[in-house]
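Take a look at the structure below.
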Amino acid sequence: MPVTDNRILTRASVALFDIEEGRFVLAIDDLDFDNAEAYAAAFCQLIDAAIIEKQMDADLMSWLVDFEGVQFMLKAEHYSASLWLERLGAEGDDELSFLNHWLSNQLLSSHS
């Protein structure tokens with residue numbers, strides 16, 4: 001079954017939002033090595049982020065993405081069953097704050 005935006009909303013929960021570290025983390029119970037790329041693609045589609053570059057290592061998937069004109073690293077790790085955005089530099093706090101607020105509301109409404 002392909003991973004869709006809707007499945008992201010029904011399977012994910014906000015696990016961490018750390019503005020000081022510039023990180024927004026989603027926990028996704030069924031994220032594994034085989035579906036991490038599909039979840040990442042669905043997440044990018046959900047937030048309308050452009051994928052710039054992809055890298056897949058044995059334990060970690062890392063993509064360079066553009067969200068609202070700011071570049072972030074989008075990472076997925078099957079050991080922690082998590083998908084997260086990391087700020088690359090000084091920019092991105094406003095975008096991460098927006099995503100935390102917006103996605104928290106989206107996830108709440110999809111789980112009820």
Side-chain angles (χ1 to χ4, degrees):
M1 168 193 254
V3 178
T4 61
D5 296 356
N6 195 28
R7 188 163 169 211
I8 283 267
L9 292 176
T10 59
R11 297 283 194 183
S13 61
V14 176
L16 174 74
F17 172 59
D18 186 339
I19 198 68
E20 289 181 22
E21 292 293 321
R23 190 173 302 130
F24 173 79
V25 181
L26 291 176
I28 305 171
D29 289 336
D30 68 340
L31 187 140
D32 60 30
F33 181 81
D34 294 327
N35 65 17
E37 188 169 355
Y39 268 116
F43 179 74
C44 287
Q45 184 178 3
L46 176 68
I47 67 169
D48 198 26
I51 301 162
I52 299 169
E53 186 176 308
K54 295 180 180 183
Q55 179 176 329
M56 187 67 144
D57 296 319
D59 298 331
L60 183 69
M61 183 206 75
S62 303
W63 290 1
L64 179 63
V65 300
D66 180 283
F67 174 66
E68 297 293 317
V70 179
Q71 291 187 352
F72 293 90
M73 289 304 298
L74 174 62
K75 297 184 177 184
E77 179 189 57
H78 65 276
Y79 293 121
S80 63
S82 60
L83 178 77
W84 69 94
L85 274 179
E86 287 182 3
R87 181 183 65 216
L88 290 175
E91 294 183 3
D93 288 348
D94 291 340
E95 291 77 9
L96 288 175
S97 293
F98 166 78
L99 284 174
N100 179 56
H101 178 72
W102 182 75
L103 278 173
S104 293
N105 288 336
Q106 294 295 314
L107 294 170
L108 258 175
S109 65
S110 72
H111 290 274
S112 48

Problem - 4.5 Å side-chain heavy-atom contact, Val65 and Gln71 - result: no

Handout entry: Residues that Ala50 engages under side-chain contact (heavy atoms from CB on, under 4.5 Å), provided they are two or more places apart
Key = Asp66

Exercise for the section: Please examine the side chains of Leu74 and Ile51, heavy atoms only from C-beta on, and report whether any two atoms are closer than 4.5 Å. Expected result: no

Problem - Heavy-atom closest pair, residues Asn100 and Phe17 - result: ND2-CD2, 3.4 Å

Fill in the blank from the handout: Smallest heavy-atom separation, Ala12 atom then Ile28 atom, equals CB-CG1, 3.9 Å

Fill in the blank from the handout: Residues passing the side-chain contact (heavy atoms from CB on, under 4.5 Å) test with Leu60, sequence neighbours excluded, are Ser62, Lys75, Glu77, Trp84

Exercise for the section: Give a yes or no on whether Leu26 and Met73 share a hydrophobic cluster (residues Ile, Leu, Val, Met, Phe, Trp, Tyr; joining criterion: side-chain heavy atoms under 4.5 Å apart). Expected result: no

Handout entry: Qualifying ring pair (Phe, Tyr, Trp, His ring centres under 6.0 Å) pairs, either residue in residues 50-75, two or more places apart
Key = none

Problem - Heavy-atom closest pair, residues Val14 and Ser104 - result: CG2-OG, 3.6 Å

Completion exercise
Nearest heavy-atom contact between Phe43 and Leu103 is CE1-CD1, 3.6 Å

Exercise for the section: Side-chain contact test, heavy atoms from C-beta onward, threshold under 4.5 Å: evaluate it for Val25 versus Leu83 and give yes or no. Expected result: no

Completion exercise
On a heavy-atom basis, the closest approach of Trp102 and Ile47 is CZ3-CG2, 4.2 Å

Please table the atom pairs, donor to acceptor, closer than 3.5 Å between any side-chain atom in residues 89-98 and protein atoms at least two apart or in another chain.
unit_1 : atom_1 : unit_2 : atom_2 : d
Asp93  : OD1    : Arg87  : NH1    : 2.3
Ser97  : OG     : Asp93  : O      : 3.0

Problem - Qualifying salt bridge (charged side-chain N to carboxylate O under 4.0 Å, His left out) pairs, either residue in residues 39-58, two or more places apart - result: Glu37-Lys54

Exercise for the section: Identify, with sequence neighbours excluded, every residue that meets ring pair (Phe, Tyr, Trp, His ring centres under 6.0 Å) alongside His78. Expected result: Phe33

Completion exercise
So the side-chain hydrogen bond (donor to acceptor under 3.5 Å, both in side chains) pairs with at least one residue in residues 21-30 (sequence neighbours excluded) are Arg7-Asp30, Asp30-Tyr39

Practice task
Among Ile, Leu, Val, Met, Phe, Trp and Tyr joined by side-chain contacts under 4.5 Å, find the other residues sharing a cluster with Tyr79 and list them by chain and number.
Solution key: none

